[in-house]
Structures are given as structure tokens and as C-alpha cells.
Amino acid sequence: MRWNPNFIDAKWQNQWTIDGLNKVDDNDSKPKWYELTMYPYPSGDTHIGHWYAMAPADAHARFRRMQGYNVLHPMGFDAFGLPAENAAIKRGVHPRSWTMANIEKMRKQLKSMGTIYDWDREIICALPNYYKWNQWLFLKLYEAGLAYRSDAPAVWCPSCQTVLANEQVIEGQCERCGTPIVRRKLNQWFLGITEYADELLESSENLDWPDRIITMQKNWIGRNEGTEVSFDISHMGINEKDIKVFTTRPDTLYGVTFMVLAPEHPLLPLLTTKENKIAVTSYVEKAINRSDIERLSTDQEKSGVALGSYCINRINNEKIPIFTSDYVVSWYATGAVMGVPAHDQRDFEFATKFNIPIKQVISPEKSFSQTKELPEAFVGSGFLINSEQFNGEENTNAQQSITSFLSSAGWGKSTRTYRIRDWLISRQRYWGTPIPIIHCSNCGLVPVEEDKLPVLLPENAEFKPSGESPLARHEEFRNTECPSCSTPAYRETDTMDTFFDSSWYFLRYTSSQLDTASWDPEKVKKWLPVDQYTGGAEHAVMHLLYARFFIKALRDIGLLSIDEPFLRLFNQGHIIADGTKMSKSRGNVVNPDPYVEELGADVVRTYLMFVGPWEGGGEWNDSGINGIARWLNRIWELVTHDPKPNIETQKLPKVDELIQRRLHQTIRKVHNDLDSFKFNTAIAALMEFSNDLQEIRKTKNYDPKTWINTCKTFLIMLSPIAPHITEELWEILGEKNSIHKQLFPSWNDSIAEENQIPLIVQINGKMRDRIIVPSGIDEKEAEKTALESPNVQRHLEGNSINKIVYVQNKIINIVVS
RNA sequence: GCCGGGAUGGCGGAAUGGUAGACGCGGCGGACUUAAAAUCCGCUGUUAGAAAUAACGUGUGGGUUCGAGUCCCUCUCCCGGCACCA
């Protein structure tokens with residue numbers, strides 16, 4: 001190393017702090033730019049994956065700042081969550097001390113990256129000055145009817161000993177620990193995200209987000225148009241008079257030969273006959289206790305049991321036997337399915353197994369008379385048969401006519417159903433925000449008064465998981481009195497999902513120190529929405545969807561006036577090691593510190609940006625990192641060594657022109673690449689340019705003034721990527737003001753333009769020669785020059801020219817017979 | 001099963017329908033050095049050739065085009081998402 005990176009890193013990080021270079025001024029009159037990167041969970045070690053997420057984001061934010069924006073690029077810690085609790089249980093330390101010690105360590109490591117975070121704005125969600133506002137926002141949502149308690153069947157992770165949101169289930173397994181989940185009926189807190197399903201779907205069209213994320217959110221919301229049909233059970237003598245089903249195929253209504261209720265369906269016990277009770281109860285119990293993976297595996301044989309009762313298909317008055325089966329799930333649509341075995345493969349399999357009649361009602365041909373036995377369900381389109389007045393109708397048509405018939409009869413209606421469920425936010429764990437509600441036997445649910453917030457998380461809880469919240473066993477916390485009637489009452493003891501914290505943290509950055517409100521409305525008005533968000537795609541249907549919902553809900557409550565939190569989104573890839581995600585438990589964490597110590601922060605930053613497109617991520621491999629160290633070394637040499645040009649040569653103006661041309665080409669390329677997160681090619685362009693400068697220096701034919709100015713411009717372009725070495729060299733070149741206060745250079749297309757270009761000569765599309773011609777020559781001239789080429793002549797021998805295709809400044813293709 | 005994205009040298013990767021392999025790593029050869037490291041110079045897709053050059057070459061097979069890594073169709077494999085969703 002020709003320069004001492006450790007010395008320079010420390011020198012400038014210190015100097016920038018002293019100068020307040022990265023303080024963000026809310027009153028700055030420059031246009032604002034809010035560039036946000038997802039805040040990390042303080043797991044203890046900043047690994048190379050964190051750098052991969054943060055260093056390029058920092059370079060981009062710096063680039064925006066150099067374009068003249070007032071840039072807010074904050075950092076904080078997603079400090080509540082299970083790992084702290086698990087680590088605490090394992091090691092006997094308190095989650096708070098574990099978390100705070102980790103934050104301490106991570107903050108130091110993040111500072112070593114040389115980022116522009118304004119640490120005065122840091123947020124830590126696990127501190128009362130943050131979670132107080134979680135509680136306050138919860139109460140606002142509660143007042144608005146968007147937070148409610150309900151008995152819906154919840155997803156339960158047997159290992160984490162808590163309920164989860166549907167979004168936290170990946171292929172039937174807990175997102176965090178991979179344990180197969182089960183469903184339990186529990187009384188839990190939900191947020192009404194489904195009320196916003198349509199808006200979430202529709203307004204995503206206007207976001208500058210990757211298509212795949214928008215698609216994932218669309219699929220997750222899963223809006224489906226169909227028909228709700230009610231089947232008559234009034235003969236059963238119970239309160240409910242019908243079973244409602246949702247179907248996308250109302251055209252097959254005459255083909256219904258059975259009804260299936262989900263094992264959790266509320267009507268199930270009421271519709272089970274005495275004779276069938278034992279069989280049904282045992283089936284239901286088994287089904288409910290199975291994990292989703294077992295239960296929803298598509299390759300198992302259909303199972304089920306008859307309830308012994310029937311319902312009436314009102315359209316034709318047929319008696320339809322009722323079954324229960326685990327292929328019908330309670331958490332989608334109405335939890336009941338009309339069985340049309342002739343036209344649905346699942347129903348077909350069920351009917352075959354239980355010897356239920358299969359009645360065909362759609363035929364591929366119009367003149368169809370006789371029902372043959374179907375080998376499998378016919379799911380194609382065709383014409384209705386066995387359907388009374390609708391016979392002969394095209395089935396797509398019949399979907400509408402049957403639906404309107406049902407509507408006018410009051411037996412059904414056209415409707416929509418959604419896959420998305422309301423967001424379950426209760427967690428039976430300790431290390432989270434206490435839900436600020438009091439349960440009173442007289443008054444029911446009573447919100448904690450605002451001036452009593454925060455409801456503090458007690459320090460001395462026994463947090464070993466037991467299936468109920470640790471706070472439930474904390475008498476002092478649990479026992480309180482009702483704010484409204486003053487009788488003894490108890491506190492809600494569940495805590496909030498940590499995605500609650502991250503749904504609004506970006507608002508808090510604008511006024512993180514404020515203790516009289518969740519945020520300063522003026523500042524939020526100034527900074528929001530986030531102009532550019534960067535982070536991993538794994539949050540597509542969790543954090544990103546929740547945050548969008550939050551903003552819309554808070555807008556409707558009157559706390560905000562924006563519709564969307566994040567205007568632009570960029571998903572960077574992930575650095576993996578040994579083929580999987582880096583994690584402490586897997587023991588494959590790559591620590592950046594040794595690299596930083598050996599090579600300096602700039603080398604690590606630059607290398608991470610150079611290895612490939614940012615969205616790609618990839619396997620960690622340090623084989624090329626020395627190449628970056630060598631390059632920065634060469635730059636050090638280039639700038640610090642007196643050029644000593646031979647100013648007497650006559651070629652001087654020409655070389656100057658060449659330098660200028662290459663410089664302007666490079667500015668254009670680097671500007672456009674940084675603008676669109678293409679750091680790898682921006683760095684490649686800077687490398688090419690520095691290689692050119694080295695060649696030029698060897699000639700000694702240039703004006704020293706041009707040389708120095710060119711070096712300075714080059715350093716400015718490199719400074720968002722490698723902030724320390726460029727600042728040092730900037731100082732060495734005699735500059736007094738920080739390089740990071742300079743504007744990004746602009747280019748001039750006419751200076752960048754080449755006057756001599758290589759023209760590719762092809763014969764029948766194969767390259768035969770490249771000739772240097774003046775830029776912009778016309779076809780005739782190009783043709784003449786091309787035909788003069790000996791190699792071209794050789795290939796033309798004995799052939800006649802059919803056609804010549806000329807593309808100016810690119811190619812000339814001679815087509816011969 | 002459905003919906004996305006992808007497959008380019010030994011490796012990471014680059015290429016508005018117009019020179020495939022920029023840039024970097026690694027490798028080979030050379031200079032400097034007592035030597036090594038560092039640094040510098042040259043070569044480096046495959047095959048043939050001393051070279052000029054030629055043929056071949058972007059997962060498979062076809063197509064459109066003067067011209068295809070790029071556009072269209074087929075298949076294979078890999079990655080991500082969803083999935084007994086009614």
C-alpha cells in the first residue's frame with residue numbers, strides 16, 4: 001500500500017464529525033431527497049451482507065447530494081424481536097443489555113464504513129421514546145376501528161411459542177425458524193389491512209418499483225372475482241338458514257352433488273347428526289392438529305367424513321349431502337365449497353373416493369346428448385347441459401346469467417374474495433411493544449389513556465416461552481385498575497409484532513428526538529414520501545405491504561397527507577456464503593473488519609460495488625479484492641506524482657483534446673450508471689479512464705493544468721464510492737473545502753463525441769475488417785473506403801454485390817451472392 | 001401445477017438488433033531484485049497456424065433479419081414467489 005488507509009479513514013471520519021459534514025439541515029432550501037435503506041436488526045455483528053446493502057446505498061445518497069439535493073439518509077436499529085429473547089434465554093443476559101451491546105458494536109462498525117448517516121437522527125425501536133409512539137399509533141388505529149380483537153384461527157409456531165402473521169409463513173413453515181406451523185383458534189389483535197386491499201392493489205400501479213415486487217403483492221392480496229351462493233339449511237331448525245359458498249364457476253351450479261365444509265367451519269357441529277358425531281369429531285380434531293404442510297400437501301389422497309345432513313341447492317331443489325374435508329380451508333373465502341366433481345379435479349377425486357354421483361353440466365360440443373363416464377374433471381369451456389333453462393348457453397355467458405338469476409332470487413350475488421387476511425399483530429413474547437389496552441370485567445376493552453403512555457415493558461420478567469405471554473405471569477405488570485371504572489382490571493399482556501415498528505420508522509427519522517409527538521408534521525411534510533428506498537426483496541409482502549397499509553390508514557385518520565411511503569424501490573441482491581444466507585447460527589458469517597483493517601474501508605466499499613450488478617448479489621468471494629486495492633494504489637500514484645510534462649512537444653493540443661474527450665465520455669457514463677445503481681459499470685468506466693490517464697502520462701505530452709483539473713474531476717466522480725482516499729488526495733492537491741461538498745461534474749456531448757470512429761466492415765454479416773473513418777461520413781464515402789480494404793477485396797473475389805447496408809458510425813455490411 | 005427472473009471464457013461479469021467477452025480476478029511469459037514480495041510491461045475464448053488469417057463460439061433445437069447473446073417459438077436446467085384458493 002502506498003497510502004495508509006487506516007490513518008486516512010480515521011482522520012477523515014473524525015474530521016467530518018468535527019465539521020458536521022453529515023448533519024442534515026431541515027431548513028436547507030435545496031430540493032430534498034429522502035434516500036432510505038432498510039434498517040438492520042442488531043444481531044451483534046455487522047457482516048459483509050450489511051455492507052453490501054449499505055455501502056452502495058450510501059454511494060447513491062452521496063451522488064444525489066453531489067447533484068445538489070439536500071439528502072436525508074438515516075440509520076437506526078430494528079431492535080425488538082425474538083433473537084434477543086432467545087439469546088437471553090440461552091446466555092442468561094437480559095434482552096435489553098444484549099440488544100444495546102449489539103447496537104453499540106454495530107454502530108461502531110457502521111461508522112467505519114464512512115457513511116453519511118446523521119447519527120443525531122438514529123432510532124432504536126426498543127427504547128420507550130420510540131415504542132411509546134407505537135402504542136400511541138395503536139390507539140389511533142383502535143379508535144378508527146382498524147385495530148380489533150378477534151377469534152380467527154391463527155397461525156401458531158410451536159417452536160417460537162407464539163402466533164404469527166400469515167405473511168410470516170413460508171411454505172407452511174415459520175419464516176424465522178422453519179418449524180411447520182399449525183392453526184389455532186385464539187383471541188388475538190388484528191389490524192384491518194383487508195379494508196385497504198383494493199387501494200393497495202390499485203395504487204401500486206403508479207409506483208416506480210420492480211415489477212416482481214408489485215406482482216408479489218398483487219398475488220398476495222389475491223383478489224378474485226366470483227359469485228357467492230347460499231344453500232338452504234332452514235330445514236335443520238337452527239338459527240342459520242344457509243351455507244354460503246364462494247365460487248368462480250357459478251355456471252356449474254347444476255352440477256353440485258355435495259357440499260364440503262372446512263373442519264373449522266362454525267356450522268359444522270350444528271349440522272352433524274348424532275349418528276355421525278363421533279366420526280366427525282375425531283376427523284376434525286385430527287385435521288386441526290395437523291400442520292399446514294401435512295394438511296395441504298396436494299399429493300395425498302382426499303379424506304373426509306359425512307355430517308349426515310344435507311342442504312338444498314335452491315336452483316334445482318336438489319338435496320346435497322354435506323361433508324367435511326381438510327382440502328377445504330377455513331381461512332379462504334367462506335370456508336365452504338360446493339362440490340362439482342364433473343368440472344373440478346379436486347372435487348372429482350373426492351367424489352370418486354366417496355362414491356358421490358358425478359353430474360356433467362358443461363359439454364365441449366353444443367349437441368351433446370348422453371353423459372359418458374368422465375375419466376377426470378372437465379375444466380374446459382363449452383355449453384351448458386342438464387341445467388334446465390340455461391341449457392345450450394355458452395358457459396362463460398352462463399356465469400353471468402346464473403349469477404344475475406341468483407341475485408334476483410336473493411340466493412346469491414356477484415362478489416370478490418381476497419387471499420390476504422387481516423394482519424395479526426399479537427405475539428406471546430416478551431421483547432416487544434406492550435399493547436396499551438386494559439381488560440376490565442365491567443367495561444370490556446379499555447385503551448390506556450394517552451398521558452399514561454408509554455406502558456413500560458417491565459425489566460424483571462421471566463421470559464422463557466410457555467405459550468402465553470411472559471407478561472401474563474408478571475403480576476405487577478398485569479394487575480392494574482380500569483381507567484374508566486377504577487375496579488381491578490388487567491393489562492393486555494401480548495406484545496406487538498415488530499413489523500409494527502418498521503411500518504412507520506421512516507417517519508420518525510424526520511424528528512427522532514421529539515418527545516411530545518410521534519413526529520413533527522412539518523418535517524414529515526417536508527421529507528416524505530421517501531424518494532428512494534433500497535433493501536431486500538424478502539420483505540415484499542411483509543414490511544413493504546404493511547408500511548403501505550400504515551401510511552394509508554394514518555392518512556385516513558388524518559395524521560398524514562401522503563398516499564404512499566416509498567416512491568421508488570430498488571431491491572439489492574444478497575451476499576451469500578456456502579450457498580446460503582449468512583447467519584450466526586449457520587456459522588458462515590463473513591466479518592468485514594479484517595478486510596477494513598488490512599485494506600481500508602474504501603477498498604471494501606468499492607469491491608462490493610464492483611463485483612457485479614447490485615440487484616444480483618452472489619456468493620462471497622474475496623479473490624478480486626486485491627485488484628481494487630491495486631487500482632486505488634495506482635490512483636494514489638497518479639495523483640501524487642508530479643506529472644513533469646514535456647511542454648515543448650508540438651502534439652500538446654491534440655493530447656489535451658483527447659483527455660477532454662475521454663473525460664467527458666467518462667462523466668456521462670459514470671453519471672448515468674450511478675443514477676441507476678449500476679455501480680459495477682461505473683467503476684469499470686473509472687478504471688478505463690484511469691488506465692487512459694496512465695498511458696497519457698507516459699507520453700508526457702499534455703498541459704499540466706489540464707492534467708491537474710482532470711485528476712480533480714476524476715476524484716470527484718470517485719468520491720461517492722471511495723470517500724476517504726478521494727478526500728485525502730483532494731487535500732493533497734491543495735483544496736481546502738471537502739470534496740464531498742463539490743457538485744458532480746457535468747458533461748458536454750459535443751466534447752465527448754469522437755471524430756474518428758472504427759467502422760466495422762462485414763461481408764454477409766461476418767466481420768472482415770475495421771477501418772478508421774471520420775465520424776459521420778456518408779454511405780458513398782464509407783462504401784468506397786470499405787471496398788479499398790485488401791481483406792474485403794479478398795473476400796469479394798468472384799462474388800457479385802447484391803446489397804449494401806450502412807449504419808452510420810457503426811457498420812457497413814456488404815451482401816454478396 | 002401456476003406466475004416471474006435467469007443460463008455468456010478457468011472465475012466475477014460487460015454488451016440502445018450492428019466488433020461477443022469491456023472492466024477486474026486468475027494464469028502464462030518478461031523486466032526490476034542476490035532472492036522473494038510489491039510494482040511495471042506483454043499475452044491470455046476454443047481449434048489450426050510461426051504469423052497474417054480462418055473456422056467454431058453466448059444452455060438445447062428451430063424461426064424472423066443484410067445482421068441475433070439481444071426479438072419470436074420449442075425444450076432442458078437453475079433461482080425467486082404462489083399453490084387442494086374453491
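Computed from a prediction, not measured in an experiment: that's the story for all the values here. Sequence lines set the chain letters: A, B, ... in the order given, protein chains first and strands last, and positions in each chain run from 1.
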Checking all strands, does [X] fall into the base, sugar-phosphate, or nothing category for heavy-atom contacts under 4.0 angstrom?
X: K698(A); result: sugar-phosphate
X: P758(A); result: base
X: Q762(A); result: base
X: R421(A); result: nothing
X: V328(A); result: base
X: R223(A); result: nothing
X: V329(A); result: base
X: W631(A); result: nothing
X: H574(A); result: nothing
X: D344(A); result: nothing
X: V815(A); result: sugar-phosphate

Is the glycosidic torsion of G5(B) within 90° of 0, making it syn, or is it anti? anti
Provide the Watson-Crick or G-U wobble partner of [N], both distances under 3.5 Å; none if there is no partner.
N: C77(B); result: G6(B)
N: U39(B); result: A31(B)
N: A52(B); result: none
N: U60(B); result: none
N: G1(B); result: C82(B)

For [X] and [N], is the shortest distance between a side-chain N/O and OP1 or OP2 below 4.0 Å?
X: N680(A); N: A14(B); result: yes
X: R794(A); N: A52(B); result: no
X: N633(A); N: A38(B); result: no
X: R630(A); N: C25(B); result: yes
X: K766(A); N: C56(B); result: yes
X: N691(A); N: G24(B); result: yes

A cation-pi test, strictly: NZ or CZ of R419(A) under 6.0 Å from the centre of the six-membered ring of W220(A) and no more than 45 degrees from its axis. Yes or no?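 Yes.
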[X], nearest nucleotide to its side chain (from [options]):
X: K302(A); options: C84(B), C85(B), G18(B); answer: C84(B)
X: N791(A); options: A55(B), U53(B), C82(B); answer: U53(B)
X: A684(A); options: C25(B), A22(B), C66(B); answer: A22(B)
X: T248(A); options: G81(B), A86(B), A14(B); answer: A86(B)
X: V337(A); options: C66(B), A86(B), C82(B); answer: A86(B)
X: M687(A); options: C85(B), A14(B), C23(B); answer: C23(B)
X: S623(A); options: A22(B), C85(B), C25(B); answer: C25(B)
X: F610(A); options: A54(B), A86(B), G24(B); answer: G24(B)
X: R768(A); options: C40(B), A55(B), A86(B); answer: A55(B)
X: R419(A); options: A54(B), A86(B), C82(B); answer: C82(B)

Along RNA chain B (nearest heavy atom to each residue), the more 5'-positioned of S303(A) and K669(A): K669(A)
Comparing T417(A) and V611(A) on RNA chain B - which has the more 5′ nearest nucleotide: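 Checking each residue's closest nucleotide, the 5'-ward one belongs to V611(A).
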Can you tell me the distance, in whole Å, between the [atom1] atom of [X] and the [atom2] atom of [N]?
X: N764(A); N: A55(B); atom1: CG; atom2: P; result: 11 Å
X: E619(A); N: G6(B); atom1: CD; atom2: P; result: 21 Å
X: K810(A); N: U16(B); atom1: NZ; atom2: C1'; result: 7 Å
X: I683(A); N: G12(B); atom1: CD1; atom2: C1'; result: 13 Å
X: Q217(A); N: G4(B); atom1: CD; atom2: P; result: 17 Å
X: L253(A); N: A86(B); atom1: CG; atom2: P; result: 17 Å
X: E538(A); N: G4(B); atom1: CD; atom2: P; result: 22 Å
X: M767(A); N: C56(B); atom1: CE; atom2: P; result: 14 Å

Going by distance alone, is a donor N or O of one side chain under 3.5 Å from an acceptor N or O of the other, for T194(A) and D422(A)? yes
Nearest-angstrom distance, [atom1] atom, [N] to [M]:
N: A68(B); M: G4(B); atom1: P; value: 28 Å
N: A35(B); M: U47(B); atom1: C1'; value: 40 Å
N: C66(B); M: C28(B); atom1: P; value: 48 Å
N: U39(B); M: G45(B); atom1: P; value: 23 Å
N: U16(B); M: G49(B); atom1: C1'; value: 38 Å
N: A14(B); M: A22(B); atom1: P; value: 13 Å
N: G21(B); M: U53(B); atom1: P; value: 15 Å
N: G63(B); M: G12(B); atom1: P; value: 32 Å

Look at the side chain of N219(A) against the base of C82(B) and say whether a donor-acceptor pair falls under 3.5 Å; ignore hydrogens and angles.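 There is none.
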Looking at K413(A), is its backbone amide N or carbonyl O close enough to the side chain of E228(A) to form a donor-acceptor pair, meaning the two atoms are under 3.5 Å apart? no
With a 3.5 Å distance limit and no angle check, can you tell me whether Q399(A) reaches the backbone of D251(A) through a side-chain donor-acceptor pair? no
Considering only NZ, NE, NH1 and NH2 on the basic side and carboxylate oxygens on the acidic side, decide whether K359(A) and E318(A) come within less than 4.0 Å. yes
Taking NZ, NE, NH1 and NH2 as the nitrogens, is one of them in R183(A) or E264(A) under 4.0 Å from a carboxylate oxygen of the other?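 Judged by the 4.0 Å cut-off on N to carboxylate O distance, R183(A) and E264(A) do not form a salt bridge.
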Is the gap between the ring centers of F499(A) and W423(A) under 6.0 Å?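 Ring centres of W423(A) and F499(A) not closer than 6.0 Å.
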Parallel, tilted or perpendicular for F714(A) and F689(A), by the 30°/60° rule? tilted
Aromatic plane relationship, F354(A) with F350(A) - under 30° parallel, 30 to 60° tilted, over 60° perpendicular: tilted
Is the shortest side-chain heavy-atom distance between L253(A) and L406(A) below 4.5 Å? yes
